[in-house]
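These numbers come from a predicted model, not from an experiment. Throughout, protein chains are lettered first and strands after them, A, B, ... in sequence-line order, and every chain is numbered starting at 1.
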Amino acid sequence: MSYKFDFEFLAERWPDFVAGAWLTIQLTVLAIAFGFVVGTICALVRVYGGPVLRRVVGAYVETIRNTPLLIQIFIVYFGLSSLGLKLSAEVSAVLALTINMGAYTTEIMRAGIESVQRTQLEAADCLGLTRLQTMLHVVLLPAMERVYPSLASQGVLLMLASSITSQISAEELTATANLVQSDTYRSFEVYVIVAVVYLALSALYRLGFWAIGLILFERRRRLGTPL
Amino acid sequence: MIQLSVNHLLYLVEAARFTILLSVIAFVGGAVVGLPIALMRVSKSRLLRGIASGYIQFIQGTPLLIVLFLSYFGLGILGYKLDPLVAAGISFTIYAAAFLGEIWRGCIEAVPKTQWEASDCLGLNPVQQYAYVILPQAMRIAIPPTVGFMVQIVKNTSLASVIGFVELARAGQIVNNSTFEPFAIFTAVAAIYFVLCYPLSVAARTLERRAHAGR
């Protein structure tokens, strides 16, 4: 093999990679947060809602989980703009990622909510908790604690999947890589670097989820054991 | 501008054949490489375990899109002709092997320890233990999650469009370029993907339920 690796372009272009990674973080943190809210609401509807709403949420979840993210992004970006709703690439990216994350979170949170036993609700009733208190302290938080590992890995998967938004020219990490490689013709080196950055980002996200878990769940903090 | 017509839809359906072809290549390749990875993960040798788990963590920690670019341009460096199908086939094999390896490791570990002990007592050697006792049982546990992962494979083949392999997603972009009706076209594309994936999802769920009913 006579190929010579050449990482010289890094000296000049590293700020581009940092900017790209930063946009990736912004897009995905927003999408994970919004997706979590959407998913939690949909999961509550799926468990406690009326028959019509339940079916609507079911259809949403099945549609999103059985179609590729790439096509969902195209529908949001190109499709909506052709219908007259013009969104920037970044807003479209966050919207599409949120819709996607919401569907997966719905399924994960539903499993958690269904694992809360009936007797827990009865006990909360006996203690005179209001419905809101019951929802928050007896249903949602314990449900979330049980499924937290799945939520965290779904978050990491979403961060990795956000690379697909490069296809609608959201200037995140992968799009930056595409740009730099077309300037420098050092395609292999560029993608090696970006792969390493993504590895670091996934480690960072795991760490972040672990820290949030410690803050949210007292049991983990005090005893260091999951529920 | 060209009007969207039935022919365009037929073109999309025809392109779906390549989505299926690539999915089959990915699954077969992933299975062939993934099984050794799974066995390495549960091996007694620390070195083999380390190699397999490093491989899995690397692939699960990088986006599939980057793996695709790496093998597409990496092949170019090695001086091979850049056939998109070959590059896509290799990337999807690498990707599927990591995930299937990790899924199957769990299945092998789920076989009760007493089965190992019993087959040891019968004087089976390790190869016989795997072939006649452990793997047949692990396979039954593995079927539901494996079918579930097939859905991921089918959906992810859409990414092969970015290196120029004409499958369903790329065909959608091509039709869109000539007719410019993105909403209708990509909805149709999504519908075709749904038709491919939904039966697999339902099958995975049914198998999962049946597997649990037996216990």
Side-chain angles (χ1 to χ4, degrees), chain A residues 1-5 24 61-85 153 156-157 159-167 173-175 177-178 181 185-203 205-206, chain B residues 19 57-79 148 151-162 167-170 172-173 176-177 179-202 205:
Chain A
M1 200 172 86
S2 57
Y3 189 83
K4 279 211 173 54
F5 287 89
T24 290
V61 171
E62 289 299 332
T63 309
I64 297 301
R65 293 193 352 143
N66 287 297
T67 51
L69 177 61
L70 180 68
I71 302 298
Q72 292 161 14
I73 291 172
F74 281 166
I75 290 180
V76 168
Y77 186 60
F78 298 119
L80 289 187
S81 77
S82 78
L83 296 181
L85 185 63
S153 39
V156 175
L157 282 177
M159 188 277 291
L160 296 176
S162 76
S163 63
I164 300 173
T165 61
S166 60
Q167 297 304 307
L173 189 51
T174 304
N178 294 342
Q181 74 94 8
Y185 301 105
R186 286 288 158 196
S187 30
F188 193 68
E189 290 89 332
V190 168
Y191 291 113
V192 167
I193 290 168
V194 169
V196 173
V197 176
Y198 272 112
L199 272 178
L201 281 180
S202 16
Y205 274 53
R206 288 217 184 85
Chain B
T19 291
Q57 283 189 351
F58 177 75
I59 299 301
Q60 293 195 344
T62 34
L64 175 56
L65 201 54
I66 299 298
V67 176
L68 262 166
F69 283 135
L70 276 177
S71 52
Y72 186 60
F73 293 114
L75 276 177
I77 287 177
L78 293 175
V151 179
Q152 303 294 329
I153 292 181
V154 175
K155 287 193 297 181
N156 279 328
T157 57
S158 65
L159 295 184
S161 62
V162 301
E167 37 63 75
L168 187 46
R170 185 89 194 104
Q173 287 174 305
N176 181 41
N177 286 343
T179 61
F180 207 68
E181 299 247 18
F183 194 78
I185 292 160
F186 289 124
T187 307
V189 169
I192 298 174
Y193 274 112
F194 187 83
V195 168
L196 293 177
C197 292
Y198 189 64
L200 288 174
S201 295
V202 173
R205 222 172 308 159

Pick one of side chain, backbone, both or neither for A/Val192, based on which atoms fall under 4.5 Å of a heavy atom in chain B. both
Ranked by heavy-atom pairs below 4.5 Å to chain A, first place among B/Asn176, B/Leu70, B/Val67 goes to B/Leu70
Spacing of A/Leu70 atom CG and B/Leu65 atom CG [to the nearest 0.5 Å]: 9.0 Å
Please look at A/Gln72 and chain B and tell me whether the side chain, the backbone, both or neither of the residue comes under 4.5 angstrom of a heavy atom of that chain. neither
What part of B/Tyr72 gets closer than 4.5 Å to chain A, counting heavy atoms only: side chain, backbone, both or neither? neither
Less than 4.5 Å to any heavy atom of chain B: does that hold for the side chain of A/Ser166, its backbone, both, or neither? side chain
With a 4.5 angstrom heavy-atom cut-off, could you sort out which part of A/Gln167 is near chain B: side chain, backbone, both or neither? side chain
Most contacts with chain A, counted as non-hydrogen pairs under 4.5 angstrom, among B/Arg205, B/Gln152, B/Gln60, B/Gln57: B/Arg205
Atom pair CG/CD1 of A/Leu160 and B/Ile59 - distance to nearest 0.5 Å: 11.0 Å
Nearest atoms (heavy-atom pairs only) where A/Glu62 meets B/Tyr198: OE1-CE1, 3.3 Å
I need the residue from B/Pro63, B/Cys197, B/Pro182 with the largest number of non-hydrogen atom pairs under 4.5 Å to chain A. B/Pro63
Output, in order, the C-alpha distance, side-chain angles, deciding distance and verdict of ring-ring contact (aromatic ring centres under 6.0 Å, His included) for A/Phe188 and B/Phe73. CA-CA 6 Å; A/Phe188 193 68; B/Phe73 293 114; 8.6 Å; no
Test of ring centre spacing under 6.0 Å for B/Phe69 and A/Tyr191: yes
Checking A/Ala195 against chain B: side chain, backbone, both or neither under 4.5 Å from a heavy atom? both
Roughly how far, to the nearest 0.5 Å, is CG of A/Asn66 from OH of B/Tyr193? 13.0 Å
Considering only heavy atoms, which portion of A/Leu83 lies under 4.5 Å from any heavy atom of chain B: side chain, backbone, both, or neither? side chain
Relative to chain B, which segment of A/Thr67 carries a heavy atom at a distance below 4.5 Å: side chain, backbone, both, or neither? both
Hey, which of A/Val156, A/Asn178, A/Val190, A/Leu80 has the most heavy atom pairs under 4.5 Å with chain B? A/Asn178
Run B/Thr62 and A/Leu199 through side chain to side chain contact (heavy atoms under 4.5 Å, CB included) and show every step you take. CA-CA 6 Å; B/Thr62 34; A/Leu199 272 178; 4.1 Å; yes
Which of the residues A/Ile164, A/Leu69, A/Leu157, A/Val197 is involved in the greatest number of heavy-atom pairs with chain B at under 4.5 angstrom? A/Ile164
Rounded to the nearest 0.5 Å, how far does CD1 of A/Ile71 lie from OG of B/Ser161? 7.0 Å
Spatial distance of atom CD (B/Glu181) from atom CZ (A/Phe78) [nearest 0.5 Å]: 15.0 Å
One should read off an interatomic distance between B/Leu68 CG and A/Ser163 OG, to the nearest 0.5 angstrom, of 9.5 Å
